[in-house]
Amino acid sequence: MPPKRRGPLQTVQRETDDIKRKVDALVQHAAEPDASDRTETLERCKELQRAVEEIMKTLKKLSKADELAPVGNYDQCKREEEKRLLTLYERLQSLAVQLKPHDEMAGPSSSQRDQENEEENSDEEDVSSEDEDAEEEVKDNYDNDNDDDDDNADSGDEDISPTASGQGSVSYIALSAFKGEEEGDLSIQKGEGLEVLSKNKDGWWLAQNSRGQTGLVPKTFLKPSSPQDSERKDEDVDEGESEEEEEESSKTSNWNTVRKAVTEIDATDVLSAMGAIPPGFRPSTLSRLLEEGRSYRASHFIQPKLSQSQLSFKDLHMDPDTGKVHGRPSRVSLTLTLWSCRMIPPPGVGLQVLSRHVRLCAFNGTQVLSNIHTVRATYNSKSPKTWSFSPRMTGMLPCLLDGDCFLRCDSESPDLGILFELGVTYIRNSTGERGDLSCGWAFLKLFDESGAPIALRTQELTVHGGTPFEKDSDMDTTSTKRGYPTGVFQQMLLSRKIPKLVVKLKSVNTRSRELLNLLPDTIVGSLSTVHLLATYRQILADALLLDRVTMYNADLICSSVLASFPDVLDQPDLMDAFRKSWTESESNLRRSDKRDINVLKQMFVSVYMGSVFPLLYSAEMPAPCWADEEVESQRARIIYSPSQKTSVETLLSSQSSHQAFDITQVSYDLISSAQH
Amino acid sequence: MSDWNNAFLSSRVIPPHSQTARQAPGASRGLQLLFRHIDGLHLKQSESPASLQYQLRVTLFDSGHQHFFGRTWRSGSYSVSGMQGQSSRVLFNEVVYFHTSLCLSSVVAVVELVSLSTRADGSQDAVGSGFGLLQLFTGHADTSISQGEGRLSLFNGTPRALLHPKLKDPLQLNAVLSVMEGSQLLYSIQPHPALTPIMHLLPPNILVSGHDSIPGVVPSTDTGTADVLRKPRLLKSFSCVLDGLRVALLPSVEVFESNLLQLLNRDCQNTNRGVEGRSVVVQERRLLVGVHNGWGWVEKPHVLVLEREAGGSGASRARGASASGSFRQTSTDKLSDGLSLRGSVELKMMRDVAFSIVFQLQYVFSCPLAGDGQSADTESLAAVEVCGKKFPLIDQPTLKYRVLVRWTCTHILINVPMEKVKE
């Protein structure tokens with residue numbers, strides 16, 4: 001018997017029955033607690049959905065004419081069939097939604113679990129991403145804070161007016177991704193739309209996402225999406241995009257710090273620091289240059305400079321009659337005293353400050369023209385925003401703390417001036433990671449518009465945020481001029497809170513001028529070392545201009561002083577040891593000898609070889625490490641230990657241990673040392 | 001960088017003190033130093049002998065002028081072998097060769113015992129453990145080299161102390177040196193005439209081991225251990241002739257020289273040596289040609305006067321400043337702007353990658369003196385440098401190469417393109 005032929009509608013009915021059975025089974029399967037392979041289930045669910053759609057299409061195409069045999073209530077049957085399919089489809093839809101959430105949306109229980117996972121992850125990420133690039137992170141940090149600052153302008157209003165807070169839901173857009181770190185945080189994606197339910201003053205807002213989840217997010221991650229703000233939003237989005245890369249790389253790592261800072265600072269003090277790193281702080285430009293190598297260190301600038309022909313020296317000449325170094329006036333040759341800094345915002349709570357310092361150098365707006373000299377600031381915890389210099393102390397003031405500096409520069413640039421960068425070296429409490437931040441910078445132009453030098457007097461310089469190279473952008477973030485000034489009161493507050501650096505420029509007396517003119521044309525340093533540098537230049541000139549067989553001889557020179565003094569110059573604590581021994585020896589000199597360059601030269605070599613040279617190659621001395629208190633004190637213990645005598649005995653005693661000798665330690669290479 | 005360049009840069013050493021060099025004008029003599037072992041080493045409690053390695057470092061020192069010279073020779077590293085009670089011994093058995101003409105009693109070898117240990121970060125820590133002053137020469141004319149075995153006492157401290165101005169006087173030195181009790185280095189010293197044939201390949205006062213490679217000396221066929229300097233043999237040499245040398249300066253000789261003079265005049269003004277309105281003029285252009293093996297000139301380089309190729313005036317004669325330069329008058333009539341050398345240069349080459357023909361273009365300037373201006377102060381100046389050339393020169397009949405000329409007193413200066421043509 002041939003199989004009974006069915007009408008198309010009947011076929012559809014049967015198929016629908018089939019699918020219904022399958023869907024029932026699937027729903028049952030999904031409801032089981034140990035439904036391990038959700039993805040598979042989901043896959044099947046989708047498959048069935050497609051099948052239903054397929055049947056639906058076929059069904060819609062059917063007409064009564066297609067039937068082999070007349071069907072009585074054809075239309076009704078078809079409608080019923082459609083209904084059945086529709087319900088099936090809906091069931092599948094809801095099932096699919098049920099199956100999905102573990103990846104994308106979640107019920108409360110699962111989301112908590114996820115967050116715990118994320119917390120673990122983020123800890124790991126913390127470590128790895130910080131290791132990767134501390135600098136980037138700091139920058140990143142700043143970027144985020146910059147947003148923060150942006151918001152301050154408007155959120156300041158919101159915080160103050162009670163109508164704004166808890167006003168019911170306002171829609172916002174996430175500026176960047178944020179991964180919840182603690183229970184109650186809401187993880188958001190960049191560009192995601194959010195409803196803010198309430199605005200807490202601590203900067204963490206309660207927000208709800210499109211899936212109905214609620215949680216806290218940092219307000220700095222959000223931008224209002226209301227139409228009247230669209231113009232601003234566009235700007236911000238642009239900004240956000242440019243920052244995207246950096247933010248992606250260390251998405252979560254610095255938020256612990258920011259959170260701490262944000263929650264612990266009094267919310268009324270909106271104008272002062274907000275976040276771990278106040279707005280306007282940047283990774284230190286000058287520290288980075290210093291670390292790059294020798295090219296911005298005093299050890300490089302103390303070297304003689306070759307003339308353009310490369311056949312003679314540009315700035316080291318000898319008077320043929322007296323045999324003394326020919327004094328050379330430089331375009332700028334002055335002394336200055338760092339006096340104080342006011343209203344310098346302290347970095348946030350997560351950071352422990354190891355050193356506050358001012359780095360200064362000659363600068364023409366685009367280029368660092370001299371070595372970078374560092375003076376460490378003295379700081380009193382009672383007035384945390386004030387830095388001072390040259391503390392009073394018994395005994396010799398270390399040149400690192402000495403605010404008296406000299407600066408020489410021969411650049412012809414009309415914009416020549418002194419760049420001061422206020423910086424902190426910090427260590428992160430949580431990770432132990434160290435870094436250098438610039439808390440702002442000040443530039444003192446040394447020539448006015450007509451090219452005349454400025455008056456030598458006390459200068460009160462405004463400290464700007466950002467880096468000295470950011471001319472085009474509004475760099476005045478520290479003084480919060482960004483955004484719109486919102487009231488007289490606020491402006492008043494602002495003007496009093498503008499960070500300042502006070503510097504005293506002084507005219508130089510004849511004796512100091514003579515000494516300064518013996519130095520290279522361009523160099524910055526501590527005034528307390530000028531006499532040593534001048535004597536060194538004389539020794540250098542003797543070796544290079546008198547003792548060389550011909551001026552075109554480039555043989556290596558055996559001289560411990562020439563070979564190693566530049567290294568000492570980069571280590572302020574060794575320079576202090578040198579100055580101390582020098583002062584002691586100088587006090588034994590007769591008055592007439594104190595001006596006799598030949599006596600001074602001999603004394604220089606003798607004192608140097610007795611006091612500093614052994615230390616430089618001592619096996620016990622740890623290598624210098626900037627702002628590392630332990631290393632610094634360890635070095636000081638060795639430098640000032642009673643067994644350390646300023647004589648040859650240190651070099652020959654069995655007590656002290658020395659690095660092995662190699663002739664390169666006492667070789668002075670004219671070619672590689674000289675500045676080209 | 002080429003082999004030659006590397007060798008050249010690493011072979012820059014401090015020359016002996018000029019006064020000492022003047023005192024000893026005699027011929028160079030070869031020496032062989034053998035360091036056997038150190039006895040009676042007192043190890044500190046904290047140091048575990050197993051991890052400790054020892055090394056010897058030897059540097060020549062001129063005690064008369066407080067002057068280290070040459071380079072520091074370093075032995076391999078050896079661990080302590082054999083404990084005898086409290087003290088221990090380190091076996092070295094390393095041989096050092098060098099040759100010097102400074103057979104003066106003031107010239108000594110400073111031998112430092114160095115203990116090597118590896119720091120936690122993997123870098124090596126080299127700490128001095130005492131040094132000795134090894135007397136190389138007796139000071140007598142005929143038997144100037146000390147001979148035979150000897151024991152050297154070690155002193156506490158570091159050899160850097162020898163540069164201290166207070167220790168210029170040897171008596172003073174003896175007063176402050178303290179001997180490390182019991183520690184002695186067993187060494188032997190003897191003349192090494194076998195070094196004489198290769199002296200032109202190895203500059204004086206350079207301490208080398210038997211396994212150091214000296215371009216031009218037949219390298220050891222075995223790997224590592226063999227001592228080629230015990231009986232050194234020379235590679236085969238052959239003659240080659242450089243003919244029709246021409247130096248083209250870019251963009252042209254005129255521009256090159258006027259730039260050079262401009263800079264020199266600026267120097268003169270800067271140093272206040274020059275007189276207003278008068279300026280430096282070029283007196284002579286010379287070309288220094290020689291074979292260099294990275295360590296030094298293999299033979300004395302030829303110094304040849306270059307002539308301006310201008311308008312076919314072939315009348316001026318090429319003058320050879322060097323005794324060994326051989327010249328033939330040739331008629332060059334292909335005229336373009338450049339500096340040319342009349343004649344050819346014969347050079348002795350060896351088949352070694354580090355062998356190079358080095359050219360140095362020299363300018364002699366004269367600068368009018370202040371005052372009546374009748375006399376001229378001549379100063380010579382080596383502008384321009386060295387171009388190392390790869391060996392298989394003979395296979396290429398025509399060489400045309402562009403070198404980056406750097407002018408000097410140094411070796412690493414301005415880049416001026418220059419072209420040299422061998423036709």
Side-chain angles (χ1 to χ4, degrees), chain A residues 306-315 317-320 326 547-561 602 605-606 608-610 613-614 616-619 647-672 674 676, chain B residues 12-15 17-18 55 57 59 66-72 74 110 112 114-116 125-131 155-161 163-167 172 176-178 180 260 262-264 266-268 270-272 379-383 406-414:
Chain A
L306 290 177
S307 67
Q308 204 192 340
S309 72
Q310 317 264 8
L311 294 168
S312 72
F313 295 108
K314 188 168 178 248
D315 59 358
H317 303 303
M318 205 173 237
D319 193 322
H326 205 72
D547 298 344
R548 270 196 304 157
V549 188
T550 72
M551 284 306 102
Y552 312 111
N553 180 320
D555 281 333
L556 302 182
I557 296 169
C558 172
S559 166
S560 48
V561 173
Q602 273 172 24
V605 177
S606 172
Y608 181 81
M609 292 300 291
F613 194 61
L616 195 59
Y617 291 107
S618 165
S647 73
V648 69
E649 272 108 69
T650 359
L651 286 164
L652 290 171
S653 81
S654 56
Q655 254 70 52
S656 43
S657 78
H658 303 275
Q659 286 175 32
F661 172 75
D662 191 287
I663 198 164
T664 52
Q665 293 158 359
V666 297
S667 303
Y668 180 73
D669 183 359
L670 165 67
I671 296 167
S672 64
H676 296 298
Chain B
R12 289 185 69 208
V13 297
I14 302 180
H17 198 273
S18 54
Q55 185 185 50
R57 295 191 182 182
T59 317
Q66 291 195 299
H67 184 92
F68 283 101
F69 61 99
R71 65 166 191 176
T72 300
R74 299 178 184 203
V110 173
E112 187 180 27
V114 175
S115 64
L116 304 169
D125 212 3
V127 177
S129 319
F131 68 99
F155 305 112
N156 287 313
T158 163
R160 283 184 290 268
L163 291 176
H164 197 286
K166 279 188 185 151
L167 302 186
Q172 194 85 46
V176 289
L177 288 178
S178 62
M180 291 169 73
L260 184 60
Q262 203 181 341
L263 292 174
L264 284 172
R266 209 176 291 165
D267 283 353
C268 282
N270 195 23
T271 52
N272 301 319
E379 58 180 304
S380 97
L381 131 79
R406 311 134 202 195
W407 55 24
T408 144
C409 49
T410 75
H411 314 271
I412 317 150
L413 301 176
I414 316 174

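None of the values given here were measured: they were computed from a predicted structure.
Of all heavy-atom pairs between A/Leu652 and B/Ser178, the closest is O-OG, 3.8 Å. For the pair A/Ser606 and B/Pro165, the tightest heavy-atom approach, listed with the atom from each and the gap, is CA-CG, 3.6 Å.
Separating the CD1 atom in A/Ile663 from the OG1 atom in B/Thr72 is a distance of 5.0 Å, to the nearest 0.5 Å.
Proximity to chain B (any heavy atom under 4.5 Å) is shown, for A/Tyr617, by both the backbone and the side chain. With a 4.5 angstrom heavy-atom cutoff, B/Val176 touches chain A via backbone and side-chain atoms both. Heavy atoms of A/Ser667 lying under 4.5 Å from chain B belong to its backbone as well as its side chain. Interface remark: B/Phe155 contributes no atoms to any contact with chain A (heavy atom separation under 4.5 Å). Interface residue B/Leu167: only side-chain heavy atoms are found under 4.5 Å from chain A. Interface residue B/Arg160: backbone and side-chain heavy atoms are both found under 4.5 Å from chain A. With a 4.5 Å cut-off on non-hydrogen atoms, A/Asp669 touches chain B through its side chain but not through its backbone. Contacts of B/Val13 with chain A are made by backbone atoms alone, with heavy-atom separations under 4.5 Å and no side-chain atom involved. For chain A, the nearby part of B/Phe69 is the backbone; its heavy atoms alone come within less than 4.5 Å.
For the side-chain contact (heavy atoms from CB on, under 4.5 Å) with A/His658, the qualifying choice from B/Thr158, B/Asn156, B/Val127 is B/Thr158, the only one to do so.
Counting heavy-atom pairs under 4.5 Å between each of B/Ser18, B/Gly70, B/Gly128 and chain A puts B/Gly128 at the top. Heavy-atom pairs under 4.5 Å with chain A were tallied for B/Leu163, B/Leu177, B/Val110, B/Val114; the largest tally goes to B/Leu163.
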>> Is there a side-chain contact (heavy atoms from CB on, under 4.5 Å) between B/Phe68 and A/Asp662? Walk through the geometry before answering.
In response: CA-CA 10 Å; B/Phe68 283 101; A/Asp662 191 287; over 6 Å; no

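For B/Arg12 (side chain) and A/Leu556 (main-chain N/O), no donor-acceptor pair under 3.5 Å exists by modelled atom type.
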